[in-house]
Structure formats: structure tokens, C-alpha cells
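To start, the structure under review is shown below, and the notes come after it.
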There are 2 protein chains.
Amino acid sequence: MAAVVGRSEGSSVPRSADVARLAGVSRKTVSRVLNNEPYVSAEARTKVLAAAEELGYRLNQAARTLASGRTGSIGVVALGTVGYGTASLLVHIERAVRDAGYALRVVNTPDGDPAGIAGAVESLLEQGVDGFIVSEPIVEGDVSVRVDVPVLFLGAPPAFTATRTVTVGVGAHELARAATEHLLDLGHETVHHLAGPRRWYATKDRIEGWRAALAARGAHEPPLLNGDWSAASGYAAGRALAPDRSVTAIFAAGDEMAIGLIHALREAGRRVPEDISVVGFDGNPVFAYVSPPLTTVRQPFEAAAREGIRLLVHAIEKPDTDLPQASDAPVELVVRGSTAPPPSHPDTADTRTA
Amino acid sequence: MAAVVGRSEGSSVPRSADVARLAGVSRKTVSRVLNNEPYVSAEARTKVLAAAEELGYRLNQAARTLASGRTGSIGVVALGTVGYGTASLLVHIERAVRDAGYALRVVNTPDGDPAGIAGAVESLLEQGVDGFIVSEPIVEGDVSVRVDVPVLFLGAPPAFTATRTVTVGVGAHELARAATEHLLDLGHETVHHLAGPRRWYATKDRIEGWRAALAARGAHEPPLLNGDWSAASGYAAGRALAPDRSVTAIFAAGDEMAIGLIHALREAGRRVPEDISVVGFDGNPVFAYVSPPLTTVRQPFEAAAREGIRLLVHAIEKPDTDLPQASDAPVELVVRGSTAPPPSHPDTADTRTA
DNA sequence: TTGAAAGCGCTAACAA
DNA sequence: TTGTTAGCGCTTTCAA
């Protein structure tokens with residue numbers, strides 16, 4: 001058998017050894033260049049890069065991970081619901097993760113129960129991630145997993161303990177409060193609340209903000225309604241609420257529920273915003289184009305994702321230093337056409353909060 | 001230094017060797033059990049599983065990948081837009097991938113140009129995937145990457161060559177055709193089309209379906225309008241179209257554009273559906289709760305994702321056998337309140353296609 | 001500034 | 001049915 005000199009036999013995929021050979025350096029030098037390590041001469045760097053390019057060399061991440069312990073990946077466990085909010089958050093997370101130089105692994109856990117979350121985390125850890133994000137989990141019991149990487153809880157408090165825990169909220173409490181106050185400012189005596197499903201953390205958060213606003217003004221707290229985020233559930237709530245003439249203002253925990261709510265109200269002969277005002281929650285821009293255009297509160301998905309990933313990456317890369325300060329996103333109330341003064345104060349025409 | 005017997009020193013993470021030792025078998029047997037390979041006695045299997053459980057053993061995927069060549073991951077390159085359609089598709093992809101026993105890696109390429117797609121694919125390949133999905137790419141020039149794993153093109157034709165290529169459509173052509181025919185069936189002389197951005201494949205597909213329907217009925221083809229999928233762009237198109245009294249039916253390539261369109265039309269004093277009928281595209285359920293409820297065509301996201309992943313996994317796991325037959329999802333027209341006979345035929349009250 | 005050797009934790013091929 | 005041996009392709013010592 002003839003010796004094959006100069007390169008691996010066949011046309012197999014190039015390895016770092018092939019690059020080293022072509023560049024006339026050692027494999028370690030190739031590794032140094034590819035990892036941007038110091039102590040490499042400019043000349044060596046140039047040669048290595050040229051050789052890698054010529055060969056079409058592609059680094060083998062699995063090998064790197066095995067040798068170094070770092071995976072270059074960040075995972076996200078989400079609920080897998082299809083809504084403007086969750087979709088928007090995921091897109092911004094992907095973007096921030098990519099910008100930080102990491103790859104993204106996604107696992108959904110539709111039920112969001114502790115066992116589901118634990119399983120999702122387990123699979124992420126097995127696949128290999130340097131850290132991960134738990135996005136808007138459902139709170140209900142303890143999640144027990146052994147976690148030895150930093151974890152970012154986005155939009156919710158820690159659901160389990162980990163090496164290093166970062167929490168970034170989306171300001172739901174303040175947003176809910178602002179939405180409620182907007183209605184109160186318009187002159188409504190009190191504000192009803194159509195909340196999300198009981199098990200969700202996001203639901204509790206908004207309820208608390210709503211309560212706080214009511215309490216601060218000494219307004220009485222009407223009974224709560226729960227939907228499931230869908231327009232259909234908002235519609236059902238609207239049918240229940242419509243006959244009650246004392247209802248003049250409703251804060252829905254999601255834009256889609258608000259849309260369903262308005263639809264039911266109008267079908268029942270109640271005008272929006274003349275008889276009843278409705279404000280949503282999320283900020284999906286499409287609802288500026290329905291009748292009436294929906295007044296809502298905008299969730300700072302992009303800011304929260306960026307900020308959260310920044311902190312997570314810091315925790316991964318500089319485990320010994322303190323976490324930088326998390327900055328809060330500003331509260332953004334979007335006043336459109338679904339809110340107005342109550343029928344009893346027909347002339348309080350222009351009170352709005354920004 | 002005293003010899004440490006029976007287990008690795010310290011409380012470090014357990015390895016397969018630790019499991020083997022505790023179970024009293026060889027590492028290879030542990031490997032067999034964990035991979036569900038044949039030729040393992042029930043007794044050995046039980047012991048290994050118990051040992052793994054006791055130790056809290058977590059398989060190291062990087063090591064497995066390096067040794068076996070299989071990654072257990074599937075990648076998806078998407079556009080990273082926030083819409084009901086893309087979000088819905090991604091959720092169903094994640095679900096199907098997980099059900100097939102794979103992990104999911106996500107890379108977005110917001111621009112969708114060949115260089116962006118190539119970069120996204122490159123990063124996926126480097127991270128390690130056994131196959132990947134290119135979802136609704138933008139067509140415009142050639143993507144040049146060396147791809148040696150199967151690729152699934154979802155909702156679009158192959159944009160580059162790979163070892164094994166699978167294409168699964170969402171039936172956009174038929175759906176667009178059905179939407180247009182529904183309008184024609186109602187008695188409209190012709191149907192205008194508000195298309196998506198020119199560069200998108202999805203745009204072309206829908207245009208062709210619309211054209212086909214028009215041609216089949218001998219209807220004349222009005223000039224095309226292009227939006228960017230947003231409600232705002234639909235609104236702009238609506239303002240442009242409203243003054244033209246000959247327009248009585250419009251097919252919008254997306255639900256959100258349809259919503260914006262309707263808003264502009266009404267603002268301009270044209271009634272929907274009495275004066276102008278509008279049909280959307282996607283099937284977002286929330287638009288059943290706006291006024292008028294939107295007639296639309298439902299994209300079979302779940303079916304397409306399931307079917308596509310099934311074929312992709314087949315191509316990955318059984319590279320030598322033929323691909324099973326791809327089955328088409330049924331066309332689903334959702335007739336709601338935004339379509340009606342044209343003003344000139346006030347009594348053709350009930351013609352609908354299913 | 002560079003290189004040689006020794007693994008990272010697993011599976012493949014083979015032998016028993 | 002089981003175990004042994006030899007890597008997978010990279011990074012990490014450590015020495016030069």
C-alpha cells in the first residue's frame with residue numbers, strides 16, 4: 001500500500017490536522033488561531049486562515065466540547081404556545097443569543113408542569129448547553145433537577161436552584177398597573193380584570209399590578225375572570241360580563257382576549273368605548289387596525305431578551321465577577337380607541353397617561 | 001496518595017464508567033443499554049438502569065457524537081419574523097422533532113438572502129446536526145454551501161443541493177386558488193390581489209394560485225399590489241385601492257394585511273363585505289372576533305411540519321430506502337363575514353366553496 | 001511564540 | 001450475550 005503524503009486519503013472532510021499540514025504549523029497553532037488565543041504570530045495566523053479557507057475546513061463542535069467542556073450553546077425552555085408575545089420573545093432571544101456568539105437549542109414543554117420543565121432541562125443539559133433560559137414558566141410545585149450551569153428566568157422568579165441564577169422581568173406588574181390606572185384616570189369607578197389561566201406566573205403578576213392600582217385609588221376590587229389567552233376565552237368572558245351594567249372598564253391580560261371580549265360586548269349591544277372601555281396587554285401592532293383600535297400596554301420583549309441574555313452570558317463567561325446591574329425597560333402604554341371616559345362622565349374627554 | 005476505590009474521586013459528574021462499575025458490567029454494556037441495542041440480558045439492563053438512576057447519570061452527547069458521528073439534533077433555519085404563520089410553524093416543527101427523538105437547533109436569518117442562509121447553514125453544520133429544515137426561504141440567487149446531510153425545504157423548492165433533499169409544500173398554490181375561487185363564486189367579476197414582498201417564495205406561490213383561478217374563469221387580471229405582511233402595509237394598500245369603485249373583491253396574502261386593508265377601506269367609506277369583499281390567508285383564529293370576522297384560508301402548518309419531519313427523519317435514519325410518499329394536506333377555506341356577493345348581484349346570497 | 005503528548009467520554013469493531 | 005481495544009477531533013497541559 002502506497003503511503004499517502006501531504007493530506008488525508010480520499011476526499012473526506014478536512015480536519016484541523018489537514019489545515020495544520022497545509023499551513024505548515026502544528027495542530028495546536030491551528031487551534032490557537034481558531035480560538036483567537038494570544039501568542040500567535042501574524043504570519044502563522046494568516047497562513048492558518050488561508051489553509052482553512054482553501055480546504056473548506058469546518059470546526060467540529062462536538063470534539064471541541066468534549067475536550068474543553070464548553071458547548072457554545074444556550075438553551076431555552078418555553079411553553080410552545082403560539083401567540084404574539086411568546087413568538088416575539090423567542091425571536092429576540094434567538095437574535096441576542098446569536099449576537100453573543102452562541103447557538104440556540106429550543107425545547108418546548110407544552111404543559112409547563114414541574115415534571116415537564118425538569119424533563120426539558122434534563123434534555124438540554126444532556127445535549128450540552130453552557131446556560132439556559134426558562135421563559136415564562138408556570139409555577140406550581142418544585143422542579144427538581146441538578147443544574148450546574150447558569151440559568152436565566154425570563155418573566156418569572158426562579159423555579160429551581162442552580163449554580164447561578166439570573167432573573168429578568170418584563171415589568172408585567174408595572175404594565176398592569178399602568179393599564180389599570182389609565183382606566184381609572186379616565187374616570188371609571190373601578191376596573192374589572194380578565195386574567196390568564198391561574199397556573200401561569202404571568203397571570204399572577206398582572207393580577208397584582210391591577211390590584212395595586214385599584215388599592216392605591218381606593219377603588220373596590222370586582223371579582224376576577226380567567227381566560228386562557230385565546231380570543232375565544234375572551235369572548236366567553238365578554239358574554240358573562242355584558243349583562244352587568246355596572247361594568248364600565250375591563251383590563252384584559254392579553255390582546256387576543258381583549259379582542260374576543262370586545263366582540264362579545266358589542267354583540268350584546270354594549271358599545272366600546274362609549275359604554276365600556278377595554279385595554280389589552282402585549283402590544284401586537286395588528287390591533288391598531290381593528291375597530292375600535294385596541295388600547296394596550298406594550299411588553300418590552302426585545303429589551304428583556306437582550307438584557308437577560310447579556311446577564312446570562314456574563315454569568316457563563318465571567319462566573320467570578322458580579323452580575324452587572326439589570327436595567328428596567330420603560331412602561332409603554334399605547335392609547336388607541338378602545339378606551340374612553342365612562343358614560344356617566346361624558347365630558348371628561350381627555351385624560352391620558354403616558 | 002491513597003488509592004480511591006470503587007468510584008471516581010470527588011463528587012464530580014458521573015461517567016458511564018461509574019455506572020458500569022456500580023452495575024458490575026462493562027462500559028460497552030452500559031452503552032448498549034442506553035442505546036437500546038439488542039443482545040443485552042434483561043438482568044444486565046435492569047442493573048444498568050438502576051445504577052444510572054442512582055448516580056443521576058447524564059449521557060454526554062458531545063462524546064457520543066464524536067464517537068458515533070450522529071448528533072441527535074435537527075436544525076432549522078428560519079426568517080425570524082414574528083407572525084402567526086411562522087410562529088405556528090416553528091412550534092409544530094419543535095414538537096415533531098422532539099417526538100422523533102431529536103433535539104432542535106434554531107438559527108434565524110432575518111435577511112433571508114443567499115449569504116445569510118449559507119451562513120446559517122454553515123453554523124448549523126458546525127454545531128452538528130443530522131439534518132435540517134429550511135423554512136420558507138427567500139429565493140434570489142444561489143446558496144453555496146457544502147451540505148452532506150439531508151435537508152427539508154418546507155414551503156419552498158430546494159435552494160441548494162444536498163445529499164438528500166426533501167420538499168414539502170403547504171399547498172399555498174391551492175389555497176390561494178381556493179380563496180380566489182370563493183370570491184369568483186360569489187359573483188365578483190374579478191379579484192384583486194395584495195401580495196407579500198416580491199422576494200419571498202411564499203409570495204410567488206400565492207400569486208400563481210390567484211392567477212390560475214382567474215385564468216380558469218376567464219377573469220381579467222388586475223394589477224398586483226405588494227405589502228410586507230404587516231397590517232400597516234395592508235392599510236396603505238387599502239388607501240390606494242379604496243377610490244377605485246371597480247374593485248369589489250380582494251384576496252390578501254396574509255391575515256394581517258387583510259385586517260389593515262379592511263380598516264383603510266372602511267375609513268374611506270367603503271363597506272366590507274357589502275361593497276368590497278376581502279379574504280385573508282393563514283387562519284389565525286383571533287380574526288374570527290373582529291368586525292367583520294375575516295374570511296380566510298387555513299394553512300396546514302401542523303400537517304406540513306409533521307409530514308416534513310417524518311420524511312426528513314426517514315432520510316436521516318434510512319438513507320438507502322426510498323422516501324415514503326408525501327401526503328398533501330386538505331385545502332381549508334374558512335368562510336366568515338368579510339366576503340359577500342358584489343353590490344351588483346345583491347341576491348346571490350349563498351354560494352360558497354368548501 | 002510554538003509544539004508534543006495526553007486525554008475529554010463515548011461508541012465501533014472485533015474477539016471471546 | 002459480553003468485554004476489550006482503539007480511536008472520534010479537538011483542547012489541554014507542559015516543555016521548548
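Side-chain atoms are counted along with the backbone in the values below, which use heavy atoms only and exclude waters and symmetry mates. Below, read A as the first sequence line, B as the second, and so on, with proteins coming before strands; counting in each chain starts at 1.
Judged purely by atom type and a 3.5 angstrom limit, Asp130(A) uses its side chain to pair as donor or acceptor with the backbone of Gly72(A).
Ranking dA4(C), dT4(D), dT12(D) by closeness to the Lys28(A) side chain, first place goes to dT12(D). Distance from the side chain of Val40(A) is smallest to dT2(C) among dT11(D), dT2(C), dC8(C). Among the nucleotides dG3(C), dC10(C), dT11(C), the one closest to any side-chain atom of Val25(A) is dG3(C). Of the candidates dT11(C), dG9(D), dG3(D), dT11(C) carries the atom nearest the Arg64(B) side chain, counting heavy atoms from C-beta on.
Note: CZ (Arg70(B)) to P (dG9(C)) measures 20 Å, nearest angstrom. As a whole-Å value, the separation of Glu126(B) CD from dG9(D) P is 15 Å. Atom CG in Leu55(A) sits about 14 Å away from atom P in dG9(D), given to the nearest Å. Residue Gln61(A) contributes atom CD, which lies 14 Å from atom C1' of dC8(C) at whole-angstrom precision. Atom CZ of Arg32(A) is separated from atom P of dT12(D) by 11 Å (rounded to the nearest Å). The distance between atom CD of Glu37(A) and atom C1' of dG3(C), rounded to the nearest whole Å, is 13 Å. One interatomic measurement links the two molecules: CG of Leu34(A) to C1' of dT11(D), which rounds to 12 Å at whole-angstrom precision. With rounding to whole Å, Asn35(A) atom CG is found 11 Å from dC10(D) atom P.
Using a 4.0 Å cut-off, no side-chain N or O of Asn60(B) falls inside it from OP1 or OP2 of dC8(C). Between Ser41(A) and the phosphate of dT2(C), there is a side-chain N or O to OP1/OP2 separation shorter than 4.0 Å. Here Ser31(A) reaches the OP1 or OP2 of dT11(D): one of its side-chain N or O atoms lies under 4.0 Å away. OP1 or OP2 of dG3(D) sits under 4.0 Å from a side-chain N or O of Ser26(B). Regarding contacts with the backbone of dG9(C), every side-chain N or O of Tyr57(B) stays at 4.0 angstrom or more from both OP1 and OP2.
For the 3.5 Å distance criterion, the side chains of Asp148(A) and Thr163(A) fail to qualify, holding no donor opposite an acceptor. Asn60(A) and Arg15(A) share no side-chain donor-acceptor pair at under 3.5 Å. A donor atom on one side chain and an acceptor atom on the other are found under 3.5 Å apart for Ser73(A) and Arg105(B).
Nearest-nucleotide mapping onto DNA chain C: of Gly24(A) and Leu66(B), the residue sitting toward the 5' end is Gly24(A). Each of Ala67(A) and Tyr39(B) was matched to the nucleotide of DNA chain D holding its nearest heavy atom; the match closer to the 5' end belongs to Tyr39(B).
Rounding to the nearest 0.5 Å places CZ of Arg164(A) at 11.0 Å from CD1 of Ile316(A).
Salt bridge absent: Asp113(A) and Arg199(A) never bring a charged side-chain N and a carboxylate O closer than 4.0 Å.
Across all strands shown, Ala44(A) has heavy atoms under 4.0 Å from sugar-phosphate atoms exclusively, and none from any base.
Judged by atom type and distance alone, Arg58(A) does not reach the base of dG9(D) through any side-chain donor-acceptor pair under 3.5 Å.
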